[in-house]
Undergrad: 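Starting off with a structure, shown below.
Predicted model, so just to flag it, every value in this text is computed and none were measured. When a residue number appears, it is its place in the shown sequence, counting from 1. These values consider heavy atoms only, across backbone and side chains, with no hydrogens, waters or symmetry-generated copies.
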Amino acid sequence: MPATTPPKGYPKWFVQPKLHALALFAFSFILYANTLGHGFALDDAIVIYDNMFVQEGLSGISGILSKDTFFGFFKEEGKAALVAGGRYRPFTLILFTIERAFFGSSPAVGHLFNTLYYGLTTVMLYLLALQLFRPENSRVKAYFIALATAMLFAAHPIHTEVVANIKGRDEILAMLGSLAALYCSLRAYREKKPVLHIAAALLFFIALMSKENAIMFLFITPLAYYFFTTARAGQIAANSAVLLLPAVAFLFIRFSVLGFGLGEPPMEMMNNPFVKVAGGAYLPFTAHEWLATVIYSLGKYLQLLVLPITLTHDYYPRQVGVMTFADPAALLSLLAYLALGSYALLKLPRKAPMSFAILFYLVTLAIVSNLFFPVGTHLAERLLFMPSAGFCLALAILGYRLASRNTGKGKAPAFAKTRTALGAIALASLMFGARTIARNPVWADNYTLFTTDVKHSPNSAKLRNAVGGELITRSVEVAAPEQKTRMLREAIGHLQKAISIHPNYKNAYLLLGNAYNYLQEYEPSIANYQQALSIDPNYRDAQQNLGITYKDAGKYYGEKLGQIDQAIDYLKEADKLIPGTYEVVRLLGVAHGIKGQSELAVQYFSRATELAPENASAWFDLGTAYYNLGDAARGEAYRQKALQIDPDFLNNRGQ
């Protein structure tokens with residue numbers, strides 16, 4: 001879009017769209033430049049470094065296209081569809097795969113591309129706003145609103161989860177593709193260039209393949225035509241229908257891969273926040289509780305847009321409690337949304353831009369609101385990424401109204417008024433930007449993110465569990481015993497809090513078992529694994545870790561405490577849970593040998609040689625057991641076999 005001659009009294013820069021676009025891109029990039037040195041965090045594991053298809057490289061693209069987005073991480077159909085309806089977002093995973101093929105598994109590259117795509121999204125929002133308000137109709141109004149909207153959008157701190165977390169690429173590209181599709185569609189209509197309709201369709205298809213919420217632009221597009229063009233109903237329908245074609249294609253592919261229907265929401269609190277635990281059983285919310293909780297969450301979104309001071313990535317149960325309309329916050333939220341909806345509808349016949357801004361917000365929020373189907377969490381800051389554009393547009397329109405007060409109808413306000421209003425918008429953007437820059441370092445890695453946000457989401461069982469797990473992982477890398485113990489005790493505190501919030505949280509019990517194991521407190525470790533298995537008898541991780549803990553306990557009680565009978569009891573339990581484990585069988589042989597039960601020792605050491613036929617120690621131990629049984633010939637034969645396998649065995653054994 002070329003620059004135009006500035007209105008009387010206005011500086012030339014005010015009507016320089018290329019300059020504006022460049023400045024907005026640079027502003028967006030600078031705001032997130034401090035993420036370029038960050039590592040992976042949060043759900044990056046699911047879509048990048050622990051996703052088998054992405055890690056396979058270009059050969060994994062066929063798997064990405066033919067499976068649920070989460071399949072490459074969970075590697076099981078059931079687990080991949082933990083959230084009702086599943087997820088099909090192949091385009092961003094394909095980009096991650098290509099990046100890995102060319103640049104390796106570098107988080108810096110992922111953060112760089114996120115920042116670049118975000119800058120493009122800000123510019124595209126600016127260009128779309130110019131296309132909506134059209135400088136040829138009112139240069140001052142168009143440039144003011146476009147510039148103000150894009151500045152506010154670029155700086156808003158609510159976007160940090162999307163941009164600072166590489167996985168947020170799906171939100172960015174869904175938004176970028178949707179805005180670009182609408183921009184091309186409007187230009188195709190106004191400039192009579194059908195080729196731009198083809199571009200719009202392709203861009204919208206990319207947006208949909210990035211994330212499903214782009215589909216709400218099927219409603220935004222006709223609204224944009226209604227508010228900002230003179231098109232008749234038939235023309236609006238015809239031009240909007242161009243985007244219907246890629247939507248149908250996407251839905252056909254999605255349903256072919258994931259099946260039709262959304263399925264039943266899971267009855268597990270960490271995957272469906274609208275269930276509660278009572279008497280050890282999961283119960284759904286009542287209709288009243290469900291609606292009040294949803295409405296309260298929508299009010300929280302408004303608060304985060306207006307005052308994005310305290311931010312957190314986690315609003316899982318019970319950070320948002322079980323609400324009723326007796327709660328003032330839920331009632332206030334209901335009144336706020338009724339007011340917004342009423343205003344938008346009342347101003348709809350007059351084609352008021354503020355009505356469009358409100359409807360943009362409400363329509364794009366609807367798909368992630370939990371009103372129509374569950375999204376897996378009460379709310380999330382990343383889910384405000386697309387709706388926030390409507391909020392920023394509304395603020396920009398209000399800013400222009402202030403600038404044009406007491407100005408004659410159809411006349412542009414004096415530059416002094418425009419400068420003051422735009423300065424206020426710029427100041428708000430700078431304040432938002434400062435909060436954004438301050439928030440970004442929290443996303444450096446999981447440890448920083450979890451330990452920071454748990455202060456703001458103390459009632460989230462999921463976050464308490466995540467902090468506990470991260471502390472356990474970090475403790476393994478710590479050499480100082482005192483520090484290791486301190487970290488494990490802190491982890492236990494978080495995990496116990498998670499269980500107090502969610503009594504059936506099997507993963508929290510698993511992690512508690514791990515923490516107590518590392519502390520060599522085997523009885524509580526065993527008890528927590530058993531509790532996890534009582535919740536889910538097929539919980540393989542708990543079965544495996546319980547077996548390992550029985551083994552560790554057996555070794556500890558035998559070697560450290562000299563309690564051989566207790567050691568044997570533990571080791572036998574380990575042998576049931578993790579059969580065929582060489583170390584368990586060897587320790588059972590040692591324990592029975594110490595007790596003088598040589599026949600049993602021979603049996604276990606014989607099994608050990610079957611499990612590890614190339615292990616010299618297994619044969620030597622078997623030989624020793626035969627010596628103790630009084631069979632010196634066989635004892636010597638097996639010891640010689642050990643020396644044949646490893647001639648330096650005796651020297652190494654003595655070291």
Undergrad: Please confirm whether F385 and F153 have ring centers closer than 6.0 angstrom.
TA: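 Under 6.0 Å, so yes.
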Undergrad: Is the number of heavy atoms from other residues, nucleotides or ligands within 6.0 Å of CZ (F219) greater than 12?
TA: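 For F219, atom CZ is not crowded (no more than 12 foreign heavy atoms under 6.0 Å).
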Undergrad: Could you point out which residue of T149, L125, L305, I397 forms a side-chain contact (heavy atoms from CB on, under 4.5 Å) with C392?
TA: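 Looking at T149, L125, L305, I397, the match for C392 under the side-chain contact (heavy atoms from CB on, under 4.5 Å) is T149.
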Undergrad: Hey, is the main chain of L307 close enough, under 3.5 Å, to the side chain of Q303 for a donor-acceptor pair?
TA: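 The answer is yes, because a donor-acceptor pair under 3.5 Å joins these two groups.
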Undergrad: Is there any salt bridge (charged side-chain N to carboxylate O under 4.0 Å, His left out) pair reaching into residues 110-119, and which pairs are they, with sequence neighbours excluded?
TA: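 Counting only pairs at least two positions apart or across chains, no salt bridge (charged side-chain N to carboxylate O under 4.0 Å, His left out) contact touches residues 110-119.
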Undergrad: Backbone N or O of P441 within a donor-acceptor pair of the N34 side chain at under 3.5 Å?
TA: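 No, because the side chain of N34 does not come within donor-acceptor range (under 3.5 Å) of the backbone of P441.
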Undergrad: As an exercise, state the distance from OG1 of T229 to CZ of R134, rounded to the nearest 0.5 Å.
TA: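 Reported value, rounded in 0.5 Å steps: 9.0 Å.
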Undergrad: Return the CG to CG distance between L173 and L120, rounded to the nearest 0.5 Å.
TA: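 Taking CG in L173 and CG in L120, the distance rounds to 9.5 Å.
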Undergrad: Could you check if a side-chain atom of L334 sits within less than 4.5 angstrom of a side-chain atom of L338, using non-hydrogen atoms only?
TA: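 Counting from C-beta outward, L334 and L338 do come under 4.5 Å.
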Undergrad: Could you name each residue pair satisfying salt bridge (charged side-chain N to carboxylate O under 4.0 Å, His left out) that touches residues 424-441, not counting sequence neighbours?
TA: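 For residues 424-441: R439-D453.
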Undergrad: So, H20 side chain and W13 main chain: donor-acceptor pair closer than 3.5 Å or not?
TA: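 Confirmed, H20 side chain pairs with W13 backbone.
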Undergrad: Within the side chain of T97, is there an N or O that forms a donor-acceptor pair under 3.5 Å with the backbone of L93?
TA: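 Yes, T97 side chain to L93 backbone: donor-acceptor pair under 3.5 Å.
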Undergrad: Measure the spacing between CZ of F144 and CZ of F133 and express it to the nearest 0.5 Å.
TA: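 Between atom CZ of F144 and atom CZ of F133 there are 11.5 Å.
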Undergrad: Decide yes or no for L132 and I145: does some side-chain heavy atom of the first lie under 4.5 Å from some side-chain heavy atom of the second?
TA: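 No, too far: nothing below the 4.5 Å cut-off.
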Undergrad: Going by atom types alone, do H197 and N239 pair a side-chain donor with an acceptor below 3.5 Å?
TA: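 Yes, a side-chain donor-acceptor pair sits under 3.5 Å.
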Undergrad: In Å, rounded to the nearest 0.5 Å, how long is the span from CZ of R87 to CZ of R254?
TA: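 Rounded to the nearest 0.5 Å, the CZ-CZ separation comes to 7.5 Å.
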Undergrad: Taking side-chain hydrogen bond (donor to acceptor under 3.5 Å, both in side chains) as the definition, give me every residue that meets it alongside Y315, ordered by chain and number, with sequence neighbours left out.
TA: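 Y315 satisfies side-chain hydrogen bond (donor to acceptor under 3.5 Å, both in side chains) with E381 once adjacent residues are dropped.
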Undergrad: Considering only residues two or more places apart or on different chains, which pairs with a residue in residues 154-167 satisfy side chain to side chain donor-acceptor pair (under 3.5 Å)?
TA: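 Pairs touching residues 154-167 that pass the test: D44-N165, Y118-H159, H159-S388, E161-R382, K167-D170.
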Undergrad: Can you give me every donor-acceptor pair (side chain of residues 415-434, partner residue at least two apart or in another chain, under 3.5 Å) with its distance?
TA:
residue, atom, partner, partner atom, Å
K417, NZ, R405, O, 2.9
T418, OG1, Y10, OH, 2.5
T418, OG1, A414, O, 3.4
T420, OG1, A416, O, 2.9
S429, OG, I425, O, 2.9

Undergrad: Between Y361 and F391, is the ring centre distance below 6.0 Å?
TA: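 Centroid separation for Y361 and F391: 6.0 Å or greater.
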Undergrad: Verify whether one side chain among S210 and T92 offers a donor that lies under 3.5 Å from an acceptor in the other.
TA: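 No - no donor-acceptor pair under 3.5 Å links their side chains.
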Undergrad: Tell me, with the steps shown, if F250 and F205 meet ring-ring contact (aromatic ring centres under 6.0 Å, His included).
TA: CA-CA 7 Å; F250 166 74; F205 184 70; 7.1 Å; no
Undergrad: I'd like to know if the side chain of Y226 and the backbone of L348 have a donor-acceptor N/O pair within less than 3.5 Å.
TA: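 Judged by distance alone, yes, a pair lies under 3.5 Å.
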Undergrad: For the residue pair S355 and F227, establish whether any side-chain heavy-atom pair is separated by less than 4.5 Å.
TA: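 In contact.
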Undergrad: Report the distance from atom CG of L127 to atom CG of L182, rounding to the nearest 0.5 Å.
TA: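 Between L127 CG and L182 CG, I get 12.0 Å after rounding to 0.5 Å.
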Undergrad: So does P17 get a backbone contact from the side chain of Y143, meaning a donor-acceptor N/O pair under 3.5 Å?
TA: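 Checking the backbone N and O of P17 against the side chain of Y143, no donor-acceptor pair under 3.5 Å is found.
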Undergrad: Quick one: does any side-chain atom of S369 pair with a main-chain N or O of A366 as donor and acceptor, under 3.5 Å?
TA: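 Flag set: sc S369 to bb A366 pair under 3.5 Å.
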Undergrad: Closest approach of P353 and K141, non-hydrogen atoms and distance?
TA: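 Of all heavy-atom pairs spanning P353 and K141, the closest is CG-NZ, 4.3 Å.
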Undergrad: side-chain hydrogen bond (donor to acceptor under 3.5 Å, both in side chains) between T221 and S240: does it pass, once the steps are laid out?
TA: CA-CA 6 Å; T221 299; S240 300; 5.7 Å; no
Undergrad: Considering only heavy atoms from C-beta outward, does the side chain of L22 approach that of V123 to under 4.5 Å?
TA: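 Counting from C-beta outward, L22 and V123 never come under 4.5 Å.
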Undergrad: Do F360 and L393 have side chains that get closer than 4.5 Å, going by heavy atoms?
TA: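 Side chain of F360 against side chain of L393, heavy atoms only: no contact under 4.5 Å found.
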Undergrad: Please check: side-chain N/O of S333 versus main-chain N/O of L298, any donor-acceptor pairing under 3.5 Å?
TA: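 Between the backbone of L298 and the side chain of S333 there is no qualifying donor-acceptor contact (under 3.5 Å).
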Undergrad: Does a side-chain heavy-atom distance below 4.5 Å link V320 with S297?
TA: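 Contact flag for V320/S297 side chains = yes.
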Undergrad: Strictly under 6.0 Å, is that where the ring centroids of F204 and F217 end up?
TA: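 Aromatic pair excluded; centres sit 6.0 Å or further apart.
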Undergrad: Only pairs at least two apart or in different chains count here, so list each salt bridge (charged side-chain N to carboxylate O under 4.0 Å, His left out) that has a residue in residues 185-201.
TA: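 Passing the test, one end in residues 185-201: R187-E191, E191-K193.
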Undergrad: So does K411 have more than 12 non-hydrogen atoms from other groups sitting under 6.0 Å from NZ?
TA: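 It does not: K411 NZ has 12 such atoms or fewer within range.
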Undergrad: Measuring only between side-chain heavy atoms, which start at C-beta, is N213 closer than 4.5 Å to T364?
TA: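 SC-SC contact between N213 and T364 ruled out.
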Undergrad: Has the side chain of N51 got a donor or acceptor atom that lies under 3.5 Å from a matching backbone atom of V54?
TA: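 Yes: the side chain of N51 pairs with the backbone of V54.
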Undergrad: Within the side chain of N114, is there an N or O that forms a donor-acceptor pair under 3.5 Å with the backbone of V163?
TA: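 Side chain of N114 to backbone of V163, a donor-acceptor pair under 3.5 Å: yes, one is there.
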Undergrad: Measuring only between side-chain heavy atoms, which start at C-beta, is T115 closer than 4.5 Å to L36?
TA: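 Side-chain contact under 4.5 Å: yes.
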